[in-house]
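Just so it is clear, the structure is predicted and the values come from calculations on it, not from any experiment. For ligands, and for the atoms within them, numbers begin at 1 and follow the listed sequence. Values below: all heavy atoms of this structure, side chains included; hydrogens, waters and symmetry mates excluded.
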Amino acid sequence: MGIRENTTQLIENLEPVKSFLTHSHYNYILIDEKGYIVESNRFFYDLINYPVGDLTGRSLHHVIFEPYHATIKSIIDNIQTNNHQKAFAIFETYNHVLINVILHFSGLYNKSGEFAGTMILVDTVSNDSLIQQDQTVIHNMFYEDYELSLFNMILENSRDVVYIINYQNNKFDFLSPAIFEMTGYNKEELVTMKKDDILNIIHPDFREIFRSHWKGLANKPVNTKNYFSIEFKIRPKLGISRWLSDNRKLIRDKHGKLIKIVGNIRDITDFKLVEDALNRSRDRLTKAMDATNDGMWDWKLDSNKVYFDARFYMMAGYLPNEFPNTVSEWMKRIHQNDIHNVQSQLDKHLHGKSDQWISEYRFKTKHGDWIWILNRGKIFERDEQGNALRMVGTHTDISLRKKMAEELQKRNHELESFHEKLFASEEKFRQLAENTQDVFWLADKDNLLYINSSFEKIWGHPCAEIMKTPYLMVNWVHPDDIQSFHQLLDLSNLEINVPYQEKFRIIRPNGDLRWIWSRRFPIVNENNEIYRIAGIASDITAQMTIEEDLIATKEKALESDRLKSAFLANISHEIRTPMNGIIGFTGLLKDENLSYENRIQYINIITKSGDQLLHIIDDIIDISKIESNQLKIKHAEVNLNELIADLELFYANGKKQIAKDHIEIIGELKPSFDNIKLLTDESRLRQIFMNLISNALKFTEKGHIRFGYTLTTKNTIEFYVEDTGIGISSEMQSAIFKRFRQVDDSTTRTFGGTGLGLAISEGLIKLMNGKIWLKSVLGEGSTFYFSLPYSVIDHAVTHKSPVTVETDQYDWSGFVILIVEDDAINQEFLATILAPTNVTFIQCYTAEEAITVSESSTIIHLVLMDIRLPKMNGYEAFNIIAKQRPSLPVIAQTAFALTEDASRCLEMGFANYIAKPINRKNLLTMIHSYLINYKS
Ligand code: ADP
């Protein structure tokens with residue numbers, strides 16, 4: 001018999017010991033005579049960290065640290081001569097950790113006394129205890145020879161309790177020392193303890209079971225099994241209760257009577273705790289599975305049985321176990337498009353090529369529709385060849401998730417195509433936008449996405465600036481329009497299909513103003529959600545200017561219309577007043593019984609009214625000419641001092657007639673200007689002065705009127721008319737220059753007038769390149785100023801001093817005047833005027849007649865020539881007469897109060913002119929001024 005067979009047999013014989021060793025915490029190794037490992041227990045493998053069973057058949061040296069190989073080999077070789085040996089060595093573990101150990105060697109022999117192998121018990125030694133002693137000392141100590149029964153050694157060192165009880169006297173025959181560690185009572189205490197005291201160590205929950213079991217043992221039939229196992233709790237002397245497992249063997253005598261009980265008690269508290277924890281975690285797992293609704297499966301591959309839990313069946317609409325628990329039944333229900341994928345994933349895992357098996361597939365429900373299943377599984381057990389034995393996993397219904405993912409993908413596709421379309425249309429929009437003068441922009445709720453280059457042209461700011469900080473726009477808006485601009489920015493009220501528009505002004509960097517018309521409208525996507533905001537902004541400055549002009553023109557037209565109506569009301573009043581005077585008093589004159597004084601008074605009234613009427617007509621003609629731009633200015637030399645003196649004299653007389661004699665009228669002359677003549681239109685200058693002085697007189701009740709001129713440094717002459725009258729409020733100061741405007745527009749006005757005087761004056765001054773203005777304080781008085789260009793001819797002139805005659809009592813006897821007039825009444829009128837002067841007059845009714853008279857008669861001192869004559873007019877007649885008698889003064893009488901006619905007459909060489917209807921006093925004064933020259 002070879003040594004190996006020998007060892008095997010020995011092992012079989014050692015079975016009871018081995019079973020103890022297997023469960024004990026003692027490490028043991030059984031080696032053959034060559035030192036190869038035949039067997040060892042789990043604790044040995046735990047110690048050296050090798051997979052269980054991995055070292056069977058391999059040399060013991062495999063785990064011994066090299067320096068100890070020789071020592072160990074010599075012990076093994078000599079075991080048959082020295083049966084019990086002890087040695088210190090170092091083990092090298094699987095992960096190359098070094099462990100200090102003490103090895104107990106015992107030679108083993110079979111019944112025939114043949115050597116069967118060596119049993120080695122392994123004791124670990126802590127490093128600390130080794131450090132204290134010299135290693136050689138330890139060596140020697142362990143080599144000491146001593147006898148130790150293997151069995152005793154095992155019992156003494158085991159953590160399990162081995163006992164033998166004598167059933168007859170209830171006493172321990174044997175009790176191994178581990179009982180102290182297990183119960184807190186030592187061997188001696190327990191051996192002497194009474195049965196009831198021993199029972200007290202048992203946990204109260206188990207005492208009854210324990211007692212009845214004990215009693216029952218005696219009555220067990222002989223033929224039943226002699227092994228019993230019982231688990232119970234005890235209460236140790238100290239500390240918490242412990243779980244014990246007691247394996248008993250009944251030993252009977254040859255009559256079958258129970259005499260002893262041999263038992264092995266093990267502390268299984270840790271195991272119970274683990275079991276509890278395991279139960280709890282299993283419970284937790286079940287709850288978790290309940291919560292997730294996942295199904296579970298457990299597949300035993302060797303038997304090809306699968307366990308599907310109820311939830312898996314129900315997931316697919318089946319009752320639990322409605323279809324058989326087999327892989328093929330499961331496979332049958334997988335969608336044929338997915339089956340290939342499922343199988344290949346599964347194969348991969350079965351062949352160890354993946355950590356886990358995960359597959360998603362469609363699974364047919366009981367009702368024939370499909371649900372999506374996510375299956376996750378993992379192999380938990382493999383055989384020694386690596387074949388999978390058991391696989392466990394879960395089923396999850398992911399139909400909803402799949403549906404959502406599909407939906408999402410569909411949505412993404414839609415969105416992509418929408419984006420493509422949008423991009424294409426945006427591109428078109430962009431091209432369009434780049435070619436328009438309007439500003440186009442596109443934004444989402446937070447950013448400006450696009451703005452075309454027209455923005456730069458209109459706003460004068462770079463596009464980049466606005467793209468970066470859109471809110472800058474606000475700074476460029478006219479302060480008065482900020483509110484409308486903010487409304488445009490406010491997107492809170494965006495409404496689909498509703499554009500929004502605003503007009504506002506912007507200020508360009510150079511300070512120019514531009515009018516902007518801005519429209520914005522939301523852009524929606526296919527789901528009718530607002531996606532973008534687009535806008536157009538147009539520069540409407542030109543339109544706005546036209547519009548403003550139109551409005552202003554309309555306003556002006558309305559105003560002018562209103563003023564014209566007011567004027568018509570005024571003018572009819574102004575015409576009616578003198579007309580009433582003329583008609584009324586003319587009627588009264590017919591009364592033959594009228595006294596001389598009354599007659600004179602009536603005639604004065606009629607004359608005054610006629611003058612007034614004439615003045616109105618003159619004004620109307622002037623304003624029409626000014627407005628139609630037909631009025632011409634005739635420049636001639638004017639001596640300003642003469643003009644001022646003339647006007648002063650005129651008003652000194654005139655004021656009496658309007659009951660304003662108490663008002664002082666002062667014409668202020670500039671003696672240094674006596675020789676200087678201003679180049680201007682004298683008659684117009686006189687007209688302006690007269691308008692201003694007449695107004696001053698009209699609106700002044702007390703004080704004075706002062707008028708004159710000053711030379712300013714700006715090459716202009718400034719004229720002034722100052723009064724101490726009622727004054728003009730500042731609001732009205734510019735209005736009064738408008739035609740027909742009066743401070744008091746009411747029909748019940750205190751002062752007469754047409755409202756044309758100032759408008760005419762302003763028009764004339766403008767034509768003469770000057771300007772007019774005023775200073776006035778209400779209630780204190782007014783000063784009207786006007787300026788004209790200072791253009792003078794500075795030479796001494798033989799000036800005629802103005803002929804002023806205080807009286808109209810002329811005596812012109814000896815003088816001859818030729819009157820040329822086609823109208824008999826006018827002939828009569830002139831005759832009546834001239835008769836009191838004793839002058840001789842020749843009356844001619846045509847021009848031709850007059851020419852003949854002037855040719856034949858040498859004694860003619862003056863001619864009064866009418867201009868409008870039947871065949872030959874007054875101008876032609878004058879030309880002929882002037883040729884015959886150049887020094888003969890010819891005074892034109894013109895029917896029209898037209899200054900053009902007057903100037904034409906003067907230009908042609910008429911001595912002077914007098915306007916019709918003829919003012920008696922003026923006519924006499926004028927004639928006198930010529931006749932007087934004959935005298936001197
Ligand atoms: P009229 O005197 O015929 O009404 P004007 O054009 O000369 O027309 O004057 C317009 C208005 O200006 C007058 O009606 C009067 O209300 C105001 N005005 C003009 N001159 C004076 C002044 N010196 N003092 C106060 N008011 C004056």
Side-chain angles (χ1 to χ4, degrees), residues 559-560 562-578 608-609 611-627 631 647 651 654-655 658 660 663-667 684-708 719-766 771-786 897:
E559 165 80 352
S560 158
R562 197 184 66 75
L563 290 174
K564 269 182 185 153
S565 306
F567 166 71
L568 281 178
N570 275 357
I571 211 89
S572 81
H573 171 82
E574 291 300 320
I575 291 172
R576 268 165 203 282
T577 313
K608 213 173 117 190
S609 301
D611 282 350
Q612 219 175 321
L613 211 52
L614 262 176
H615 186 72
I616 292 166
I617 291 162
D618 282 351
D619 275 358
I620 293 172
I621 289 169
D622 274 351
I623 197 77
S624 325
K625 286 207 159 186
I626 288 170
E627 285 186 0
L631 199 129
L647 285 167
Y651 281 102
K655 67 180 181 179
I658 55 162
K660 292 277 174 90
I663 311 283
E664 198 185 354
I665 294 187
I666 310 147
R684 293 302 177 190
L685 183 56
R686 183 185 295 272
Q687 189 181 355
I688 296 162
F689 256 128
M690 284 175 78
N691 278 338
L692 297 180
I693 298 168
S694 299
N695 276 346
L697 210 51
K698 185 156 66 170
F699 296 105
T700 304
E701 288 309 325
K702 57 176 196 277
H704 66 259
I705 293 162
R706 220 186 271 276
F707 63 95
F719 301 86
Y720 60 88
V721 176
E722 176 202 284
D723 67 51
T724 51
I726 60 170
I728 302 160
S729 67
S730 50
E731 304 88 72
M732 287 307 291
Q733 287 182 10
S734 62
I736 51 170
F737 290 100
K738 295 196 175 122
R739 57 205 167 117
F740 314 129
R741 279 307 289 270
Q742 294 171 317
V743 172
D744 181 4
D745 267 355
S746 66
T747 42
T748 54
R749 291 168 304 131
T750 321
F751 305 101
T754 53
L756 286 175
L758 286 178
I760 291 170
S761 301
E762 191 184 35
L764 290 174
I765 291 165
K766 269 190 192 157
K771 58 179 185 177
I772 181 165
W773 68 99
L774 80 151
K775 286 180 188 158
S776 181
V777 178
L778 204 58
E780 287 183 19
S782 319
T783 306
F784 281 80
Y785 299 89
F786 64 97

Hey, is [X] one of the residues with a heavy atom under 4.0 angstrom from ligand 1?
{"X": "Phe737", "value": "no"}
{"X": "Met732", "value": "no"}
{"X": "Gly725", "value": "no"}

Worksheet item: Does a side-chain N-to-carboxylate-O contact under 4.0 Å join Asp622 and Arg684?
Response: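 Yes.
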Atoms in ligand 1 with a heavy atom of [X] nearer than 4.0 Å:
{"X": "Leu758", "result": "5 (P), 6 (O), 7 (O), 9 (O), 12 (O), 19 (C)"}
{"X": "Leu756", "result": "6 (O), 8 (O)"}
{"X": "Ser782", "result": "24 (N)"}
{"X": "Ile726", "result": "25 (C)"}
{"X": "Lys698", "result": "1 (P), 2 (O), 3 (O)"}
{"X": "Gly757", "result": "5 (P), 6 (O), 7 (O), 8 (O)"}

Discussion item. For the CG atom of Leu697 and the CG atom of Leu692, what is their distance to the nearest 0.5 Å?
Written reply: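 If I round to the nearest 0.5 Å, the distance is 12.5 Å.
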Worksheet entry | Separation of Glu762 CD from Lys771 NZ (nearest 0.5 Å) |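 With rounding to 0.5 Å, NZ (Lys771) is 12.0 Å from CD (Glu762).
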Item to complete: Select the closest option to atom 12 (O) of ligand 1 among Asn695, Asp723, Ile736, Leu774, judged by heavy-atom distance.
Response: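 Among Asn695, Asp723, Ile736, Leu774, the closest heavy atom to atom 12 (O) of ligand 1 comes from Ile736.
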Worksheet item: Can the ring centroids of Phe786 and Phe689 be said to lie less than 6.0 angstrom from one another?
Response: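 Yes, ring centres under 6.0 Å apart.
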Worksheet item: In terms of side-chain heavy atoms, does Gln687 have a donor or acceptor partner in Asp618 at a distance below 3.5 Å?
Response: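 There is no such pair (donor and acceptor under 3.5 Å, judged by atom type) between the side chains of Gln687 and Asp618.
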Enumerate donor-acceptor pairs with a distance under 3.5 Å from any side-chain N or O in residues 726-736 to protein atoms, sequence neighbours excluded.
from: Gln733; atom 1: NE2; to: Ile728; atom 2: O; distance (Å): 3.1
from: Gln733; atom 1: NE2; to: Ser776; atom 2: O; distance (Å): 3.3

Item to complete: Ignoring hydrogens and angles, tell me if any N or O in the side chain of Tyr785 forms a donor-acceptor pair with the backbone of Lys775 under 3.5 Å.
Response: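 Pair absent, no side-chain N/O of Tyr785 close to backbone of Lys775.
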Item to complete: Give me the ring orientation class for Phe737 and Phe784: parallel if the planes are under 30° apart, tilted from 30 to 60°, perpendicular past 60°.
Response: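 The arrangement is perpendicular - the two ring planes meet at more than 60°.
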Worksheet item: Under 4.0 Å from ligand 1, counting heavy atoms only, is it the side chain of Ile728, its backbone, both or neither?
Response: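 It is the side chain that touches ligand 1; the backbone stays farther off.
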